[in-house]
Student: 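Pasting a structure here, questions to come.
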Amino acid sequence: MKQRIYPARRFSGKIKLPGDKSISHRALMIGAIAEGTTEIANLNSGADVHSTISCLRKLGVKIENENGRTFVHGRGLNGLVRPTGALHVGNSGTTIRLLSGILAGQEFSTNITGDDSIQKRPMARIAQPLRKMGAQIDAVNDLAPLAIKGGRLTPINYKLPVASAQVKSCLLLAGLYPEGVTKVLEPVKSRDHTERMLAVFGATIKKKGSGVCVKRPANLRGQKISIPGDLSSAAFFIAAAVLVKGSELIIENVGINPTRTAFLDLLGEMGANLQMRNIKEVNNEPVADIHVTSSTLKSVKLSADTIPNLIDEIPILAILATQADGVTKICGAQELRHKESDRLRSITLNLKKMCAQIEETSDGLIITGPLPLKASELDSFLDHRIAMSFAIAGLIADRETVINNAECADVSCPGFYQELARLTGA
Ligand code: S3P
């Protein structure tokens with residue numbers, strides 16, 4: 001699909017966003033291995049979460065939708081059944097990595113794979129530690145498809161070479177199966193939704209700094225879960241309100257987990273007018289309404305330590321940096337080369353087409369602003385966050401911007417372009 005984006009004169013109003021994608025995957029997977037029913041409100045309805053639902057159904061889990069709620073009929077830690085045929089995760093890295101942890105704890109063999117992008121993304125990072133726990137993982141060059149033969153795991157004490165919530169979560173979920181304590185240590189603490197959700201379902205989780213321990217629970221118990229709006233989707237709308245002059249936007253009920261909010265802190269440092277109101281805690285996750293108005297921006301220095309806490313927001317941060325006064329240097333972000341696309345490359349190619357001043361380095365980007373963006377025909381590189389970032393860039397370009405393969409926004413934020421049009425008054 002070709003999406004046309006026009007320069008915006010305003011970006012104002014109120015919006016509620018689809019449920020957080022990361023938390024949605026976890027509610028479904030942990031609900032599936034809990035006992036009893038888990039009732040989920042505001043589950044993300046994008047393609048990635050749908051991939052998790054379809055994999056779980058193939059593993060024998062009954063999942064129903066009724067009146068906007070999702071009911072997961074849990075089968076207990078050992079109640080999943082051997083699927084007929086391979087599990088297909090589509091484009092979803094979170095599905096393949098987290099589910100592999102659960103599959104490693106099952107007594108049967110499973111094949112799991114995904115689309116072309118998934119088949120290129122590194123899986124050694126989960127395969128190696130799962131093998132250390134005793135699972136048999138067969139994969140050519142440690143890339144998907146993965147053949148997983150689990151059962152009889154032993155706990156490990158594992159130091160992650162790179163901070164990754166997907167890898168950490170994979171190991172914590174596998175750590176629910178063996179007798180004894182599994183400990184995972186990260187170089188920098190990544191998003192902790194798995195730890196928080198497991199605790200809600202009754203698991204004993206111990207956290208110390210960037211380390212976390214889990215042990216086999218007697219059981220996990222089904223829960224009533226309400227998923228907050230996705231901060232990573234909110235980031236695009238926040239950026240639009242900051243960039244389009246005269247805007248005033250309220251985003252209701254957004255997750256503000258401190259392992260995810262580095263983007264908000266950074267925007268504050270850049271001079272954005274942001275406020276969080278109505279802060280509360282829901283299912284062990286902090287939630288707030290975010291109020292934002294347009295402002296002029298200055299460049300910031302990003303330390304490599306903050307990258308894991310704004311990993312998904314770097315594409316939209318790059319767009320903001322083109323409008324900030326001075327040089328914004330992003331370094332220590334080599335993980336971006338292993339996302340749905342090589343994001344450092346995708347951002348650079350598109351921003352160069354828009355005549356921004358950008359330099360790609362091996363582990364980051366150097367962007368000098370402010371420079372007006374020129375409209376162009378751009379590609380999404382089949383990457384939802386690239387499509388949405390450049391839709392926002394299109395709002396401040398000089399005329400019509402075209403984004404090819406724009407439909408991939410549905411991976412995490414269905415309805416994205418409609419909401420964009422509504423808030424610009426188009
Ligand atoms: C996610 C973790 C992050 C993030 C991804 C979702 C998760 O990946 O980029 O969109 O839900 O755990 P890494 O943990 O591999 O950095």
Side-chain angles (χ1 to χ4, degrees), residues 18-30 43-44 46-49 51-52 89-102 114 117-118 120-129 144 158 160-174 184 186-198 210 212 227-228 230-236 255 257 259-263 285 304-317 332-344 346-347 363 383-389 408-409 411-413:
D20 187 278
K21 179 162 82 70
S22 290
I23 301 177
S24 294
H25 286 296
R26 286 151 173 89
L28 288 164
M29 289 189 206
I30 299 172
L43 187 78
N44 183 288
D48 270 13
V49 171
S51 293
T52 289
V89 305
N91 191 238
S92 178
T94 308
T95 308
I96 193 165
R97 295 206 175 106
L98 270 61
L99 202 51
S100 294
I102 293 176
S117 149
I118 282 291
K120 289 189 198 112
R121 294 178 66 180
M123 294 299 149
R125 50 183 63 191
I126 56 163
Q128 285 168 358
Y158 191 71
L160 262 64
V162 274
S164 163
Q166 292 179 350
V167 179
K168 171 179 63 176
S169 302
C170 168
L171 301 180
L172 293 177
L173 292 168
V184 187
E186 293 189 281
V188 177
K189 187 174 167 180
S190 65
R191 66 187 68 187
D192 63 359
H193 303 302
T194 304
E195 296 90 301
R196 287 172 184 257
M197 185 70 77
L198 279 171
S210 56
V212 47
I227 313 241
D230 196 323
L231 180 59
S232 296
S233 298
F236 302 110
N257 179 311
T259 58
R260 295 274 297 276
T261 46
F263 173 75
E285 289 279 354
D305 273 9
T306 59
I307 299 292
N309 301 135
L310 46 68
I311 186 84
D312 291 338
E313 286 70 67
I314 290 172
I316 189 62
L317 187 66
Q334 59 277 10
E335 270 298 296
L336 258 70
R337 298 203 182 275
H338 306 296
K339 295 293 177 188
E340 286 82 335
S341 71
D342 173 344
R343 287 188 175 154
L344 297 178
S346 313
I347 294 167
D363 69 342
D383 182 336
H384 55 136
R385 300 204 196 278
I386 297 296
M388 292 188 275
S389 297
C408 57
V411 157
S412 57
C413 195

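Just follow the structure's listing: the first ligand is 1, and inside any ligand the first atom is 1.
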Student: By number and element, which atoms of ligand 1 are closer than 4.0 Å to a non-hydrogen atom of T94?
Tutor: 1 (C), 6 (C), 7 (C), 11 (O)

Student: Looking only at protein heavy atoms, identify the closest one to atom 15 (O) of ligand 1 and say how far it is in Å.
Tutor: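 Nearest neighbour among protein heavy atoms for atom 15 (O) of ligand 1, to 0.1 Å: S164 OG, 3.1 Å.
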
Student: Is the shortest distance from a heavy atom of R26 to ligand 1 less than 4.0 Å?
Tutor: yes

Student: Measure from the side-chain N and O atoms of R26 to the backbone N and O of S22, and report whether any donor-acceptor pair falls under 3.5 Å.
Tutor: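 Here the side-chain-to-backbone pair exists.
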
Student: Can an N or O of E335 be found at a distance shorter than 3.5 Å from an N or O of ligand 1?
Tutor: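 No, since none of the N or O atoms of E335 sits under 3.5 Å from an N or O of ligand 1.
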
Student: With distance as the sole criterion, is a donor-acceptor pair present between the side chains of K168 and S190 under 3.5 Å?
Tutor: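 Distance-only check passes for K168 and S190.
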
Student: So does S412 get a backbone contact from the side chain of N44, meaning a donor-acceptor N/O pair under 3.5 Å?
Tutor: yes

Student: Among all the protein's non-hydrogen atoms, which is closest to atom 10 (O) of ligand 1, and how far away is it?
Tutor: D312 OD2, 2.8 Å

Student: Checking D192 side chain against E195 main chain: does a donor-acceptor pair fall under 3.5 Å?
Tutor: no

Student: Would you tell me whether R97 and S169 have side-chain atoms, one donor and one acceptor, within less than 3.5 Å of each other?
Tutor: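 On atom types as modelled, these side chains do not qualify, holding no pair under 3.5 Å.
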
Student: So which protein heavy atom does atom 14 (O) of ligand 1 come closest to, and at what separation?
Tutor: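 Result for atom 14 (O) of ligand 1: A165 N, 2.7 Å.
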
Student: Can a side-chain donor-acceptor contact be found between T95 and T52 if the only test is distance below 3.5 angstrom?
Tutor: yes

Student: Among protein heavy atoms, which lies nearest atom 11 (O) of ligand 1, and at what distance?
Tutor: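 Closest protein heavy atom to atom 11 (O) of ligand 1: S22 OG, 2.7 Å.
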
Student: In terms of residue, atom name and distance, what is the protein heavy atom nearest to atom 2 (C) of ligand 1?
Tutor: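 Answer, as residue, atom name and distance: Q166 CG, 3.6 Å.
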
Student: Is D383 salt-bridged to K339, going by a charged N under 4.0 Å from an acidic O?
Tutor: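 A salt bridge is absent here (no side-chain N lies under 4.0 Å from a carboxylate O).
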
Student: So is K339 touching ligand 1 or not, going by heavy atoms under 4.0 Å?
Tutor: yes

Student: Mind checking whether H193 contacts ligand 1 via backbone (N, CA, C, O), side chain (CB onward), both or neither, at a 4.0 Å heavy-atom cut-off?
Tutor: neither

Student: Can you name the atoms of ligand 1, numbered from 1 with element, that are less than 4.0 Å from a heavy atom of I311?
Tutor: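 In order of number, 9 (O).
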
Student: If you measure only the distance, is there a donor-acceptor pair under 3.5 Å linking the side chains of S92 and S51?
Tutor: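 Absent: no donor and acceptor within the cut-off.
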
